[in-house]
Structures are given as C-alpha cells and as structure tokens.
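Quick caveat, the model's predicted, so the values are computed rather than measured.
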Amino acid sequence: MPTKLPSKGFPASTFNVRDFGAKGDGRSDDTQAFEAAWEAACKVEASTIFVPPEYVFLVGPISFSGPYCQHNIVFQLDGTIIAPADAKVWGSGILQWLEFTKLVGITVKGSGKIDGNGAVWWQDTPLDDPTDDESKLIIPSNSTMQIPIPLNSSLGGRMPGIKPTALRFYGSFNVTVTGITIQNSPQCHLKFDNCIGVSVYNFSASSPGDSPNTDGIHLQNSKDVLIRSSNFSCGDDCVSIQTGCTNVYIRNINCGPGHGISIGGLGKDNTKACVSNITVKDVIMHNTMNGVRITTWQGGSGSVQGLKFSNIQVSEVQIPIVIDQFYCDKSKCQNKTSAVALSGINYEKITGTYTVKPVHLACSDTMPCIEVTMTDIQLKPLQEQYHMYDPYCWQTFGELYTPTVPPIECLQVGKPSSSTTQADYDQC
C-alpha cells in the first residue's frame, strides 16, 4: 500500500523504500526492498519512490523497467545508495548498476548521492582495458602531437573485467535528472541510450582524475538533450557524445579534472556515424586533457555537422581545440580512405591557457573538414618558458572571422579543390 508521508510537497502516492523492508544501514542488502517499492510505484501514475535522507542503502544491480509502468514516476533520492564491493554480486560483470528502461516521464531528483564504490574496480583495471575509449592517436608524419600514455593500474583481478555504468537510462522519453550527485562510479557515471527528451541540471559527477574511463555523462542514440548548470570532475570525458545524437544543448558546465567535452570516437570498425546540431557554450574547463574535441576512426561513414562551441574558458588545458580523424585504439592502425564527413564546425570565444598545443586539427586526407570557422580565439601558453607546440592543421578548410592568438595560419580558406565531397559518401 502507498505510504502517505506527512512531509510537505510529497504526493499521496509515495512509496518509501523503508516501508518495503530497506534497512539503510549501509551493510544489509536492500535490493529486494527497492524492487518491491518500484513494483508498487510502477502501477500508479505520477507516483514517487522515496529514498529518505540520513540512510545509506546497499543496492546491487537493479533494473527499474517498463514498458508497462505508468507514466511520470519520480524517484526522489535524498539518501545515499552505495554499490556492493563483493565480487560475487557482479558475477562475470555487468554493463550497468542502476538502470531505468522503457519509461515515459521518469524523473530522478533530490539531494542524495549514488556512490559506485569505484576504488575496488579501478585497482583491478588491466593496463589494456577493453572497455577503454581513450585511445592512442595516429598523427600525420609532419605533426609533433604528443601521444597520451594509458593509465597505469594494478592487476588484482578480483572484480570482473566488465565495469558497470552507475546510472543508465535506456529507451525512455522525457527523462529528467536533477540535484543528485554520482560519485566514484566504476566506469561512466550517467548514460543515456536511445532516449528522446533529456534534461540534466544541477547535477554533479565526481571521481578522481586518475580513475579510468569514468565519463561524467555519455550520450548515445539520443536526441533533444539539455545538459546545464552542472559540475564534472572525473577520469575521462566530462560529456561524451556518440553516434545517433542530435539536438544536444550543453551550457553552464564546470569541467575538470577530466578529458574535456568530446564528440566521438565515431566510425569504428567501418560503421556509419551520425551526429548533428550540437551546441556547447558557457563552459569552464580547468586542468583537463582536452577542451572541445571531435574524434573519428578511419574507415567510417556518415557525418558530423552543425556544431557550435562558444564561450569556452580554459585554464591549464593540454589542447583546447581538437579534431582528430586518425583516432586509433592500437599502437598502429591501417590507413583507410573512407571517413566520417565533418562540416559546419564553429568555434567562438575560446580563451585561456594551454600546456601543450592551442589547436590540433587533423582531418581526413580524402574527406577534408569543411566550413570550420573561428572567431575570437585567444589561447596563451601557461608558462612561456615551457616548450609549446604551434597550432596544427591538416586538410582543414574554413575561415578565420577575427585574428586569433596565436595566429592559426594553417587553416585553409575556402573549400578543397578535390572533387570528393560530402555528397559522395553515405549521409545521415
């Protein structure tokens, strides 16, 4: 039966996990109690599951799933949910810990925390983690681009090799996440896959800067997404945008430490990738590997188009602006002629300090980047006595609308003379 809470602001149909047997002592397994609370709430439209404050709930892998649930359910998280550290709970590994799937109008909100207990996973990460999306780069021979070194980690081997995402939404409409903090996720903190209508605000993702593969938010095959007024400190991308994403708006974000905001890598294993209409603005980045980055593998098809990066403030960022169409997950990859086509990429008011190189634009030999524009780019080395690299461009065409600091003279004006155009490739 629904538990009617006297607390002001809660609807009558509120289901407190404590009333379903959850102890909240941080030691007892509360998974079944959460499942029972969800089963009850699922039957009532606009119901609320209440996870009360001042309790710590130990919850194993769980799926809060539709598609037969009523609409507009609220998951009110004011307490703390913590993941088990016992390897037996995870079996041979699982892709997500807390999952909401095939729902309409699902909201996760509150002042609480989701703690992935990530340290027990990170210490067992193999040096060549098969789930690692932070790959080496293949750079044209005349580039002086530095290659990142993979994170070192011990080989304890106790936890499964497949690390879970802390919180994942799949196949859902009108999803809202607000107020909560996700910390110490084994891998990605928050993921949206095949979702339409996503709103994330006043959200925090927090893991150590050397934690492997801990993206803040990962988007895939999702559209109509708003991410705003949130803080990310993690060991990988603050926000990662993958294929199938369109109409994504990101603003008022604090990012760092981490690897910046990334689109890609796209087109792996000769696949088709489609990304369009992405806006990233009003972002502060500190001590990140990259600023705003687009990466694709050789051999892919499809397109990335209609991107705008505006008012990005960087400090102590290794490379603030990156396009890399020679992305590779090995020490060496075979050269291929096909590529994901990149066009309509606008950089505007990107300012601050870098520690390696201000701009690195490495585009495909056969499919050059076109319509790349730059306005008010002001990037200075953190310390002049350090050896810094000059701006680098390869097969990149567009226009400088204002003088830049440093001068980006390698950007080629106009369009490539080659007869190969975007229209010749499989478009989205």
May I ask you to check whether [X] and [Y] show a side-chain donor-acceptor distance below 3.5 Å?
X      : Y      : result
Asp29  : Thr31  : yes
Asn287 : Glu316 : no
Gln76  : Asp78  : yes
Asn252 : Asp282 : no
Thr373 : Asn346 : yes
His189 : Ser207 : yes

Between [X] and [Y], is there a side-chain N and carboxylate O pair less than 4.0 Å apart?
X      : Y      : answer
Asp215 : Lys191 : no
Lys349 : Asp376 : no
Lys357 : Asp390 : no

| Ring centre gap for Phe15 and Phe50 strictly below 6.0 Å | no

| request: Assess the pair Phe64 and Phe75: is the distance between their ring centroids shorter than 6.0 Å? | output: yes

| said: If you define the side chain from C-beta out and look only at heavy atoms, does anything of Lys336 sit under 4.5 Å from Asn270? | reply: yes

| message | Taking Lys223's backbone N and O only, do any of them form a donor-acceptor pair with Thr246's side chain (distance below 3.5 Å, no angle check)? | response | no

